[in-house]
Structure formats: C-alpha cells, structure tokens
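Everything below concerns the one structure shown next.
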Amino acid sequence: MEYPFRNVERKWQKFWEKNKTFKTDIDPNRPKFYVLDMFPYPSGAGLHVGHPLGYIASDIYARYKRLLGFNVLHPMGFDAYGLPAEQYAIQTGTHPAVTTEKNIKKYREQLIKLGFSFDWDREVMTCDPKYYKWTQWTFIQLFQSWYNNETRKAEPITNLVHIFEKEGNKNINASCTQENDFDADQWNSFSEQQQQNILMNYRLAYLSETWVNWCPELGTVLANDEVKDGFSERGGYLVERKKMKQWALRITAYAQRLLDGLEKIDWTDSIKEVQKNWIGRSEGAVVYFNIKGFEEKLEVFTTRPDTLFGATFMVLAPEHYLAEKITVKERKYEVSAYIKKAINRSERDRIADVKTITGVFTGAYGINPVNGKQIPIWIAEYVLAGYGTGAIMAVPAHDSRDFAFARYFDLPILQVVTKSKGITENIKDWEDAYDSKEGFMINSGFLDNLPVKEAITKTIRFLESKNAGYGEVNYRLRDAIFSRQRYWGEPFPIYYKDNIPYPLDESLLPLELPEVDKYLPTESGEPPLARARNWTSPDGYPLETSTMPGFAGSSGYYLRYMDPHNDEAYFSPEANQYWQNVDLYVGGDEHATGHLIYSRFWNKFLYDLGIACMDEPFQKLINQGKIQGRSNFVYRVNPEKYAEYLLWEKIKELGEADNVIKDYRDGHRKFDFFYKKANLIIEIKTQEKLKKLESFYKDYINKTNKKLLLLPAADIIEINNTVIQEIKQAIEKAEAGIIFDRHKIRQPKPLFVSYNIKDRKLFSTPLYVDINLVQNDILDIEKFRHWRPEFKDAVFILEDGKYVCGWEIEKMSKSKHNVQNPDDLIEKYGADTLRLYEMFLGPVEQSKPWDTNGIEGVFRFIKKLWRLFHDQDNKFSVTNEEPTDQELKTLHKTIRKVKEDIERFSFHTAVSAFMVCVNELTDLNCHKKKILEPLVILISSYAPHIAEELWEKLGYTESVSSARFPACEEKYLIEKTFEYPVSFNGKLRFKIELPLNLDSEKIKDIILSEKKSLKWIENKPVKKIIVVPGKIINVVI
RNA sequence: GCCCGGGUGGCGGAAUUGGUAGACGCGCUGGACUUAAAAUCCAGUGGUCAUUUGACCGUGCGGGUUCAAGUCCCGCCCCGGGUACCA
C-alpha cells in the first residue's frame, strides 16, 4: 500500500550517479542554459534546512529547462578557503585542508541525498591547486593591466610603458593614484625602482600604503564589505583602522561600468539599489582653494558648486596630508593632539559617536576662488579621509552637518539659496540647513537669481576657465583590499626583488600553498606563510607572505565551471562562447555588496582582456529568502512558585482569602502566607532552602512568638488534600513554634506545564526544547525524558492529554535547539517530500520561518500520487483507456499552470497545482496512461525520484529527464458555459450558468428577466448593466 | 534620517491585466473503517447574527477614483531588511 520512498530514492540517486545522467558537454545543436547556485562554503555543521531552499528552486528550473530541450549546465562546487577551518586549525592543529575535505564530503553527501541534477564531473574547489592556478593567473593579469578611462577598458601595462617612454603621462587619462606629471625624458631617466613605483599607481592590482580595516583578533586586514558596524562579519571581532601596505584591486576604475551594467541585468530592484548605494555615484566639482601663505592648494569635492559663495570655512579630515603642515605654530600642540586622538579611535567608536561634534582650528585660511575671501580651515572627524579628497568646503546654510558644526563653534552662516527668488531669511531662526536643490541663488555675485541647477553648471564653467576646478564625478566605492595575513588562502604569485614586487612567470603557476609548523603569525608579526621553509622564487627571491581573501576564488568560479579541467587555460574560448554566462543565478542577498560586486568586476576585467565573451556574469538573479528558525518551548515549573500558587488558589476556593495575607511582610522579612486569626505563618520552600534557613526560622519564632508551618513544595504539588489537613491542624494548634515534619521532605521532580494551562506564566519559565522532540507543537514526552538525564523523571501538567509547546520565530541556531537537519526529514519523509515542502512554504524570495507542521500534507500528496498508479494491493495498475474530456481538462490545465508558474519562479503555486490535479484525478478515479504519463514528466522536476520510478514502471528505460515537457493543448480547456457571478451595485447576489457564446445584449435580457434579479431590482430603474464576458455581470441600480 | 520589501482566516499562503477574496496545505470540529491506535476516507471550517432561506461585516488605518479596489491614487500607522557624518 505504501510508497517505498527510501528504496526508490536511493535507487535513482545511484542510477544518476552511475549513468552520469546530468553530465553536460558542449552541444552546438542544442541551446544552452546555465543555472547556478551561489558557491557554498562548507561549514562543519553541514547543511541546515535553509540552505537547500535555493538549490531546490534552481534544480527545478534546471530540470524543467532540460525537459524543454535545453542543454543545461548545472554545476556545484565549493568555496573552500575561509576563516572557520583556519581558526579550527589554530585551536587544534588540524590542517585546514583536512577539515575542509571532511566538510565537503558531508556537504556533497547531503546534496546527493536531495536528488539534485548537478553535473558532479564539473565540481571544483577553490583550494585545489588546479583551480587556484587560475585565480593566481588572473591576479597576474590584473597586476599587468591599467585602466584607460578613454577607451573605458583595461589595457596591458606594457602599452602604458610605451606611452610613458614616448610622451610621459600628460596625455594619459587613467584610473590611478599617480599625482605628479612627468615627460618622456624624465621617465626614461628614472631608475627601475622609480619606474616601478610609478607603475604601481596604475596597476589594477597594486600595493599601497592605506588606511585599512585591521582585525587584531583574526590577525588580518578585512575588506569594507567584511566589516559590519565596526566588527568583523565572520567572528564578530573588533576592527581597527591601521595604515598598512596592502595589495588592493582597483575596482573603482570600474565604478561607472558596474553602475551602467545594472541596467542590462534582470535582478531585483532592491539588490540593484544596494549596489547603487555601495558604488555611490555623485556628480559635482573639484575646487582648488589656495592656502594663505602656502604653495599647496587645497582640493575639495562638492556636489554643490553653486553654493561656493556660501562657503564660510573649510574642514579637513584628521588624516589629511596637509593637516599638520598648514597649522600655525601657536595651534600646533592642540591640533596634533586632536589628530592623534581622532586617528587612534576605532571605526567602532567613531560610528557610535557620530553625534558628538568635535573639531579644531588650524589657524590657516583658504582663499575662495570665486570671491577671494579668506575662510578659516578647521580639522574635524566628520570629514572622512576615504571619501572625495578628504577635505570639504563647508556651506553651513545648505548642509546640515556643516550647519551643526558652525552652530557649535559659532562660525558664520551665509544663505546663498532661497526658496523664492531674492528673499533672504533670518538665519538665526533656522533649526537646520536648507539643503534642497530647489531654489534660487542670492548673495552669490554672478550667480544671483539663477535656479540652483543652472548655477551648478555656470560655476563649473567659471572654475574651469580660471583653472580653479572642474566638473567631476565621485564614487563612494573604495578599492578592494586584497591581502589577508592568514594561512588558508591562495598565495600571491609575487616575489620581491630589492623590495619591488614582480609577478612570477606564468609557467611557475600554480604557486602551491606551503606547509607551515603553526597557523599563526611569526614572533615578528609576519603572516603565517613567513614560517614556510624556502618560501622563495626559483631565483631565491622572497615570496609574498600574505594570502588572497575569500572573494578571490569565488569571483570567477562560474567561468571555470564551463571548462573545469582545462590545465592550459582558465577555460577554452569554445566553452566560453557556448556557455556565455549564467542565465539563472540563485543565492542569498547577503552577497549584494561582496561577491556580487567583486565577480561583476572580475568578469568585466576578463571581458576587457577578451577572455570572457559576456560583459555581465549573471543575467537573472533570484534571491531566496532566509529560512528562520521556529523554536519550541516547554515551561518548567518553579516548584515554590507553583506550590504557592496552588495553595493560594485552594485558600480562595475555601473562601478563606480574607483571613490570609499573601506575601506577608514583617519588617524586612517576607513570608508566603499569614493566617491572621491563628497567628500562623505558612512558608513553602524546596528541600535545600528549608535546610539552609532552619536556624533563621528558629530565631524568628523565638522572637515573635508565632506559629510557623513549613511545607515542602513537592508535597503541595503532589498530595494536595493531606496538606489541607496539615494546615487545619496547624491553625488549631495553640502554642507557638515551628511545625515541620522533616521526614517528609522530598526532592520535587522536574515539572513542566503545558502552554495553555491557566496562569502558566505566574509559576513557570520557558525553556528551549529541541524541535525534533516536538511535532505540530505537541511534545513527545517519552523522547523528552530521554533527551537529558535531568528530565528522566519529568512530570507534566497536560491539556487534553497532550503537552502543548510554545513557539517563537527567531534565527536558526544550535543554542536555540531549532536547527532542522534535512537528513532527518529525508529519512522520515523522503527527499521528494522535502523538496516539494520547501517550495510549498511560500514564494522563494520571501523569508519565512521553518515549520514542519505542514510537511505531512505534502507527504500525503506524494502517497496519493503513487496511488493513482497502483491498485489496493500496491500493484502497478495503469490502463490504456481513452481519457475523458474532464480528465484531459484537468491534465492540460495543470500543464499550463505549472509551466507558467515555473517560468515566473512561483514554485509554491505550482505545488498547489499538482495537488489540485492529483485530487481531481483521484476523484475521477483516473488511472489512464494517457493522462498519468504526461503528469509524471510534469512533476519530475519537483519530485524526481518518484517520477523516475513511475516512468520506469510505465515501461521506459531511459531517465525521465530525457523526456519532453508536455505541451498544453488549449482545445481541451475551451469551456462552453460559464457560471457568471451576478452583482448588484458591486455586491455579489447570485450565480447563473450561461453559454459563453452569448453576446452581451442577450445576457442583459436574461439577467433582467431572471426571477432572482427582480428581488434586487425592486422596481427601481436599472441604470446600467456591465457584462464582462467570461468574468462578471454587474447590474447598476 | 534615508532607501528597499511587506501587512489578507487560528497558521503558511493564493488571487498573474482592477472583475466571484481566502485556491492549496496545515490545524481544528464531526463522521466512517478498526477491539483499539496509526494510516486512510468523507463532511465542515473568515467573523457576527439567524431555526432555515439568508443578512451584515471583512484584505493594517483614514480618505479618494471606478459600475467594480486586496489590486490604482493621496495621507497615515505598524513590521522586516539594508544603509548612513559619503560633502
């Protein structure tokens, strides 16, 4: 009777593996389709139920595309370098490669058990030298390239050298950090060292001394996207700012192209928005201010050049290179102290403390290029070194930060923009700056009366004509710090000769990760690779000791999948031409500012080299929602509180409440109950406490001459009636003293109260219970008793014979005991059920709590599907009868719906459609091959195992994945009649079945003469009748 | 503060172009089968009122457009996520 899912699933998983069913090769006769899941990092914990959500969706899509005749590339591999394995290595000495391999093995097994159609022959892992050879190779190409802003692409650095030799750098428009101009003669006279230093300012992978995010706890530098609120994203350790020499990738060169590319790809608006913000384009102008008494000019960036006349002071970031230099003698001490303090503050402190206004005056003055006015130059933390030029012109009237600063230090504020033409407002009354771009210029010389937008262009033209500035676009995006002072990563193919970095010859790749004695920095603070023996180039020059960051290996992996075993090239041109780029990419949106930017950059660079044929790597992106945990709680009774509660309830029940004081206070002492008339204190305590407090009670009674009845909590909870007797006797007793039968004390058993028991909150505390001991919020009491030794004798207060648990939605984590392991569910229900259920939960993109409460329904559906093909004795029984119209309609309706739903990634509604279909066919008692066979194909992308089994039983020897998706034939769906809902003034009153070929006029006549209509029309004039054929009829009265 | 999502039964969610709100599943209630349980099957299930026919209310709140609004427009409230001295 039952569907033997365990055997069936194992059987087909083996079949797919043995027959390499999902192995893909280039096939020029078939259109390609590339479906990719985001590269998983194999953590030690294995997959939890949240991970497969995206994998299931992409697998359904991949299988569906295959059924449509596409040649589908659907690979899987592992992002194997990473901190957790290395941290574990530091703690235990286990080589991270060992840990990683073990974790990958577990992941792979789990993925296979879910029945994914991966081409495992293409599996890659980033820590494999055959793989990272190409990561290193790409790094060398980046090192050997510069970005030409004229051609808007990367070009070989050798071209640049030729230009330098001929004409110097004057005519070069490059994305670079080179500040000084030189001509050909100068270049040719430079030493090798000087030339290399200059080239470093142009290279796309370059070494530079910059402020970096240093994480002392991890002993490494981190990229901006790896830092969240001043803490490392992995591990959550404090991050400091530190000036260090680091490898960086000139991703900023690609800022505009990364922005433009977003228009061409099919991603959600929210991810595009996040990337736009991260890139942070702003248009404005660079303005040069002369500094009184200095040669140097102060360069500022502003988005509001129109407000130049309103600039009343200037501010430098504490890190600004001129900050100390321009400071007047008598302020030197104060300024140095301020700078030192500001720089040493951690990122975290700065963030936490943005509201405090700090700053210091340098004593120097800048000269405003538009009017020659001298304005004071300040230094303040609110100006960031990393953005623009690290210096600003402050326009307090039209920028809230400048406004706040000016108010705090009492600096002049001058209005230059007004809402309505020519009206100057009283600035003293302002509470904030007027920073809108709507308005007209005042107090601005040649700009007066112009609207803001025109004033901006006019100012830029003015500045350019005076050589005092130029129009400029600025980006928030920073270059990506690319070195990590860690062991478990790709070594840089770089050696140092006279301290100048040179790339290794490509023939020496891969440069393999060496063995080290410890995974820690050296005593002198060098990275772990400095421990490696003979860590030198073949000529004996020292190799770079940093390693690459996690995003190095994951930035181009989708390209490697196209041709993963190629040792001659990253991938062959043929493979790239055929597979092009990823058509559907599925993964979490937490990669929006990391991986998804880096790989777009990486891809664009390879595109510039002519290696990748597509400009954008991922055409369509789906972000699966996160699966939150659903924790369950049991409520542990506090025996004292519960006993007090019970006794008080009893007292009330007996009508004695007026005679008893609850929570009786005598001076600073507190007791549970005091029975006034009998001068009797009743105190409920647990065994240990009774012992501890014995002498205290004696003292107290001696002093007060009261009666004290001591009751062990366990007694009240378990044997209520004898306790009442005891209390009665105590009341009647004449003499003072302690009444306590020490023979009776017992340790109360752990007691738990069900969720809906009255007043539960008063005497119990919630306790996480492992969700695997709970089903539909009902606790499995026996399992619970075995869960932990201390619950062995647990007792329960039930409701309706059951223990009902409480629940809450929160993060899935071990400590909350709400982690659902897919393996357990597969064991219980099978992979097909799990796949369907994860989809059935709701839209893939939406975050949702994990809740197994509904999985039984999906399991029932699978069994019901099986039963369509089998008789009562579980014998395969499918007939060759011709299907009825009704059956055909059900089938084709389902084909249409499922196809539509998969194509719009609405996987959950497709599952509903399957259920409706199987329900209908069951009702129709349909066991016909002509109906069931297409159904098997239809469902095979969702529930591949059962589909394969049924397909085989239907007589096929090849995998169902080689079948063709059935076509929906509209002719079976044409209806002759329709049950029209008839509304009166928009309110549905009744339904009427009418032929669909009736024209509107006839329908109107029918409705007006219909008996049921008369009731609603009631002799009132009918204004209008709206007939939407096949939809609705509305009568307006 | 700013920028994205989102708010529909007891729960997850459906309603694709403005056209029958609540598909499908869970849960719950009742019934059949069974010595019993499980499994399975059948019926019911938004709320309120009503003996029934049925009536009224109902998609976060308040307005509006329309013959017709969960869907469009205006104004708010709440929840989730991202982001922030970015000049």
Side-chain angles (χ1 to χ4, degrees), chain A residues 1-2 228-229 268-274 276-278 280-282 284 300-304 307 315 350-351 353-357 380-384 386-395 398-402 404-405 435 474-478 589-590 592-593 625-626 628 776-777 807 836-837 840-843 845-858 860-861 863-864 867 897 900-901 903-904 906 908-917 919 922 979-991 1023-1028 1030-1037:
Chain A
M1 189 66 202
E2 283 288 279
K228 285 243 146 66
D229 300 329
T268 61
D269 288 339
S270 69
I271 288 266
K272 286 187 184 180
E273 202 58 37
V274 169
K276 277 181 199 164
N277 291 338
W278 190 258
R281 180 192 156 102
S282 49
V300 305
F301 175 76
T302 175
T303 52
R304 294 295 298 276
T307 62
V315 188
R350 270 197 173 192
I351 290 165
D353 201 23
V354 281
K355 272 167 206 129
T356 317
I357 294 170
E381 270 188 300
Y382 85 93
V383 173
L384 304 178
Y387 186 75
T389 61
I392 61 155
M393 61 175 213
V395 184
H398 306 290
D399 179 287
S400 354
R401 292 152 304 175
D402 297 345
F405 193 81
D435 48 14
N474 219 324
Y475 299 91
R476 195 186 84 111
L477 185 70
R478 300 292 89 206
D589 57 9
E590 68 272 19
T593 54
K626 286 185 193 59
Q628 295 141 299
N776 291 352
D777 292 334
W807 57 272
L836 282 163
Y837 183 60
F840 190 61
L841 276 177
E845 284 116 316
Q846 224 167 74
S847 285
K848 55 217 145 202
W850 178 255
D851 185 349
T852 35
N853 285 356
I855 199 167
E856 301 274 351
V858 175
R860 270 195 276 270
F861 159 76
K863 287 190 280 192
K864 216 167 164 182
R867 245 176 285 131
K897 174 81 177 146
E900 263 175 23
D901 284 351
E903 275 169 15
R904 64 189 176 104
S906 177
H908 62 309
T909 48
V911 178
S912 296
F914 286 130
M915 288 175 170
V916 172
C917 177
N919 287 347
T922 303
E979 194 182 29
Y980 278 95
V982 182
S983 300
F984 292 80
N985 285 342
K987 281 193 180 174
L988 176 70
R989 294 304 179 186
F990 62 88
K991 291 178 187 175
K1023 284 187 199 146
K1024 207 177 354 173
I1025 300 181
I1026 286 126
V1027 177
V1028 184
K1031 283 269 163 75
I1032 197 170
I1033 298 162
N1034 191 14
V1035 182
V1036 187
I1037 305 162

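The structure displayed is predicted, hence computed values, not measured ones. Note on naming: letters A, B, ... go to the chains in the order of the sequence lines (proteins, then strands), and numbering restarts at 1 for each one.
The nucleotide whose nearest atom lies closest to any side-chain atom of A/Met915 is, among B/C86, B/U20, B/C24, B/C24. Closest to the side chain of A/Leu988, out of B/G13, B/U20, B/A87, is B/U20. Closest to the A/Thr909 side chain, of the nucleotides B/G13, B/A14, B/C3, is B/A14. Minimum atom distance to the side chain of A/Val1036 is reached by B/C67, of the listed B/G82, B/C67, B/C85. Set against B/A87, B/A23, B/G13, the side chain of A/Lys848 has B/G13 as its closest nucleotide. With B/C24, B/A87, B/C41 as the choices, the nucleotide that has an atom nearest any side-chain atom of A/Ile392 turns out to be B/A87. Residue A/Lys991 places its side chain closer to B/U20 than to any other of B/U20, B/A23, B/C3. When distances run from any side-chain atom of A/Lys1024 to the nucleotides B/U16, B/A87, B/C67, the shortest one goes to B/C67.
Within the 4.0 angstrom heavy-atom criterion, base atoms lie near A/Val1028. Within the nucleic acid shown, A/Ile1026 comes within 4.0 Å of at least one base atom, counting heavy atoms only. Here A/Thr852 lies out of heavy-atom contact (under 4.0 Å) with every strand. Contact annotation for A/Pro843: backbone-only contact, meaning every heavy-atom pair under 4.0 Å involves sugar-phosphate atoms and none involves a base. Across all strands shown, A/Ser282 has heavy atoms under 4.0 Å from sugar-phosphate atoms exclusively, and none from any base.
Rounded to an integer number of Å, the gap from A/Tyr837 OH to B/G12 C1' is 7 Å. Taking atom CG on A/Asn919 and atom P on B/A43, their separation rounds to 11 Å, with Å as the unit. As rounded to whole Å, 16 Å separates atom C1' of B/U53 from atom CZ of A/Phe990. Rounded to whole angstrom, the span from the CD atom of A/Glu590 across to the P atom of B/C4 amounts to 21 Å. If you take CD of A/Glu845 and P of B/G13, they are 13 Å apart, rounded to a whole angstrom.
B/G70 and B/G7: their C1' atoms are spaced 11 Å apart (whole Å). A distance of about 14 Å separates the C1' atoms of B/A21 and B/C57, rounded to the whole Å. Taking the C1' atoms as reference points, B/G9 lies 15 Å from B/A15, given to the whole Å. Between B/U8 and B/U71, the distance separating the two C1' atoms is 12 Å to the nearest Å. Using C1' as the reference atom, B/C3 and B/C11 are 32 Å apart when rounded to the nearest Å. Nucleotides B/G75 and B/C67 are separated by 24 Å at their P atoms, to the nearest Å. Annotation: B/G46 and B/G31 have their C1' atoms spaced 24 Å apart (nearest Å). A gap of 13 Å separates the P atoms of B/A23 and B/G47, to the nearest Å.
No hydrogens or angles were tested; on distance alone, nothing pairs the side chain of A/Lys276 with the base of B/U83 as donor and acceptor under 3.5 Å.
Considering OH of A/Tyr837 and CH2 of A/Trp850, their distance stands at 6.0 Å, rounded to 0.5 Å. Atom CG of A/Asn1034 is separated from atom OH of A/Tyr980 by 13.5 Å, given to the nearest 0.5 angstrom. Rounded to the nearest 0.5 angstrom, A/Lys1023 NZ and A/Asn985 CG are separated by 7.5 Å. If you take CG on A/Asp901 and CZ on A/Phe914, they are separated by 9.0 Å, rounding to the nearest 0.5 Å.
Between A/Lys1031 and B/U20 there is no side-chain polar atom (N or O) within less than 4.0 angstrom of OP1 or OP2. Of the side-chain N and O atoms in A/Gln846, one or more sit less than 4.0 angstrom from OP1 or OP2 of B/G13. Side-chain N/O atoms of A/Lys987 include one lying less than 4.0 angstrom from OP1 or OP2 on B/C57. Listed pair A/Asn1034 / B/U66 fails the phosphate criterion, with no side-chain N or O lying under 4.0 Å from OP1 or OP2. Distances shown here put every side-chain N or O of A/Arg304 at or beyond 4.0 Å from the OP1 or OP2 atom of B/C86. In this model, the phosphate group of B/G12 is not approached by any side-chain N or O of A/His908 to a distance below 4.0 Å at OP1 or OP2. Distances shorter than 4.0 Å separate none of the side-chain N or O atoms of A/Arg860 from OP1 or OP2 on B/G25. One finds no side-chain N or O of A/Arg989 lying less than 4.0 angstrom from the OP1 or OP2 phosphate oxygen of B/G54.
The 5' end of RNA chain B is approached more closely, in terms of each residue's nearest nucleotide, by A/Ser847 than by the other of A/Ser847 and A/Val858. Residue order along RNA chain B, read from the 5' end via each residue's closest nucleotide, puts A/Ser270 first among A/Val1035 and A/Ser270.
Pair assignment for B/G1 gives B/U83, based on Watson-Crick or G-U wobble hydrogen-bonding distances that are each under 3.5 Å. Pair assignment for B/C28: B/G44, on the basis of Watson-Crick or G-U wobble contacts that are both within less than 3.5 Å. Across every strand in view, B/G54 sits in a pair with B/C49 that passes the Watson-Crick or G-U test at under 3.5 angstrom. Base pairing of B/G22: no nucleotide in any strand meets the Watson-Crick or G-U wobble criterion (both distances under 3.5 Å).
Closest non-hydrogen pair, A/Thr303 versus A/Ser282, comes out as CG2-CB, 3.8 Å. Taking each heavy atom of A/Asp402 and A/Met393 in turn, the nearest pair found is OD2-O, 4.0 Å.
Aromatic ring pairs are classed by plane angle as parallel below 30°, tilted from 30° to 60° and perpendicular above 60°; the pair A/Tyr387 and A/Phe301 is perpendicular.
Syn is the glycosidic conformation of B/G9, whose angle stays within 90° of 0.
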Chi angles and distances behind the side chain to side chain contact (heavy atoms under 4.5 Å, CB included) call for A/Asn919, A/Lys864: CA-CA 8 Å; A/Asn919 287 347; A/Lys864 216 167 164 182; 2.7 Å; yes

